[in-house]
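Report on the following structure.
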Amino acid sequence: MSSYFLQNRCRVSRFTKDPFNALAAKTEAQKLAFAPIVFHTARTLRDVNILQVLDDAGKEGLNAEQIAAATQVPEYGVKVLLDMALSAYIVTWQQDKYCLANLGYFLLHDGMTNANMDFTADVCYAAMMHLTESIQQGKPAGLKELGDWSTIYQGLSQLPEQAKQSWFAFDHFYSDRSFPLLLNKVFTHQPRRIFDIGGNTGKWALQCCQHNQDVEVTIIDLPQQIAVATANAEQAGFADRIKGHPVDMLDRTQALPQGADVWWMSQFLDCFSPMEILSILRRVRQAMSLDAKVYILELFWDAQRYEAASYCLNATSLYFTCLANGNSRFYRSEDFLELVIEAGFTVVEREDDIGLGHTLLTLQAG
C-alpha cells in the first residue's frame, strides 16, 4: 500500500465518527438553518467597517453609540448586527462594549476568508437557490443568475463586473501561491516548449516566461480565454513567446497541437466530469511525444491537512454543480488517479501540500 494512500486514509478518518451528541447536534442544526443570515451579518460587518473600528479599538472595545459615530451606521443597525455577531462569536461583550473576537479578526484580515466570502456572495449566493434543480438535472441551473451560457467558462469574460472580480480573485488566490513553488521543478530539464491547457488569463504562462528567457508557451483554451491571455502576454512584453491555440476540450473532433516538452494542467480537470476527464487525458496521451512530461496541479479534498480545507473544497464542488457546468467537482484523489491510469499514464511522482493544499502529479506515458 502506497505511503500517500495511507496518509490520505489517515486524513479522512476525521469523518468516520459523529462529533455531536443530541443536544449539540440540535444546536448545530439551528446554526445551519440561519446560516445565510449569519453569512450576510458577517459580510455587512466587514463592509460597513464595524469590524475595522473594533479592531482599531483593541481590548478596550466600543459601545454602540461610539461605533455608530465612527462608521456612520445608525445605532439600531449597529446593535442588531452586533447582537447577532455575539451569538456567532464574531465579537465579545465586555460590560457595555463590544470587542473583536478571534473569529471577527480573521473575517477582517484573512485573505482566504475574504476571497471565499466575496466569491460566495458575488458569484454563488443567488445561484445556490437553484441547487436542487442542478442536482436533479445535472446542469448548472443557477448560472442563469449571472448570464445566458451553457457553462460559466463561456461567460467568464462577460460576467457582471463584481462577479468577475470575485471569481478571478478566488481562482488566483489559490493557484498563484502554488505557481512560484513549482517553476524550478517544471524547468529542471529545461523544457523549450510548454502547452498550458486551460491557461485562463495566462498567469502561469507569464511566470514561465519570466522564469526562463527561452521557453515558449502555447495556451490551449476556449477562444474567449485565449483573447484575454494573449492580451495580457502582449502587455507584459511576451507576445513573441506566448501563443494561443483555441480549442473546446469537450469537442473530440478538435485536434490538439503537438511538439511540447511539457503539458501543464492547473486546476483544469476539476472543471469536468469523470468521463470528460478520461477523454481529455486520452487525447493528451495520443498527442504527446513519448518523452514529454505531463504535470497536473489539482486540489483533492481528501489530501488536505486541515479540516477547514476539506470543508472549503467540498463547498466549492457545489459551485461546479450549480454554476460551472453541473457535473464536475474537486475529486477524491484515488478516484482521480484511477482515471489517470485508465487513460494510459504512469504516475511518476505525487507531491501533496503545495501552497494552499495543492497536489502535483507528474505523469509519463504508460
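All values reported here derive from a predicted model rather than from experimental measurement.
- Here the two rings, on Tyr125 and His40, have centers that are under 6.0 Å apart.
- Panel note: side chain Asp221, backbone Ile226; no donor-acceptor pair is recorded below 3.5 Å.
- Between Phe168 and His172, the ring planes lie tilted relative to each other; the angle falls in the 30° to 60° range.
- The backbone N or O of Leu269 sits less than 3.5 Å from a side-chain atom of Glu298, completing a donor-acceptor pair.
- For Phe119 and Phe173, the ring centers sit 6.0 Å or farther from each other.
- When atom types are taken as modelled, the side chain of Asn325 and the backbone of Ser328 share a donor-acceptor pair closer than 3.5 angstrom.
- Using a 4.5 Å heavy-atom cutoff, the side chains of Thr316 and Leu299 are not in contact.
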Residue pair Asn49, Thr71: steps toward the side-chain hydrogen bond (donor to acceptor under 3.5 Å, both in side chains) verdict
CA-CA 6 Å; Asn49 292 324; Thr71 61; over 6 Å; no
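- Ring geometry for Phe170 versus Tyr174: interplanar angle over 60°, hence perpendicular rather than tilted (30 to 60°).
- In summary, the aromatic rings of Trp263 and Tyr295 are positioned with their centroids too far apart to meet the 6.0 Å limit.
- In this structure a side-chain-to-backbone donor-acceptor pair under 3.5 Å is present from Glu276 to Ser273.
- Looking only at distances, no side-chain donor or acceptor of Asn327 sits under 3.5 Å from a matching main-chain atom of Gly138.
- The side chain to side chain donor-acceptor pair (under 3.5 Å) test with Asp118 singles out one residue from Gln165, Arg46, Gln162, and that residue is Arg46.
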Please lay out, stage by stage, how Ser178 and Leu356 fare under the test side chain to side chain contact (heavy atoms under 4.5 Å, CB included).
CA-CA 7 Å; Ser178 299; Leu356 293 174; 5.9 Å; no
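- Tyr311 and Tyr306 have their aromatic ring centers separated by at least 6.0 angstrom.
- Under the 30°/60° scheme for interplanar angles, the aromatic rings of His211 and Phe187 are found to be tilted.
- If you check the side chains of Tyr98 and Asp83, you find a donor sitting under 3.5 Å from an acceptor.
- Within a 6.0 Å sphere centred on CD of Glu65, heavy atoms belonging to other residues, nucleotides or ligands number 12 at most.
- Other members of the hydrophobic cluster containing Val38, listed by chain and number, are Met84; membership follows side-chain contacts under 4.5 Å among ILVMFWY residues, whether direct or relayed.
- Side-chain atoms of Ser134 never come within 3.5 Å of backbone atoms of Pro140 as a donor-acceptor pair (strictly under, hydrogens ignored).
- The backbone N or O of His109 sits nowhere less than 3.5 Å from a side-chain atom of Thr113 that would complete a donor-acceptor pair.
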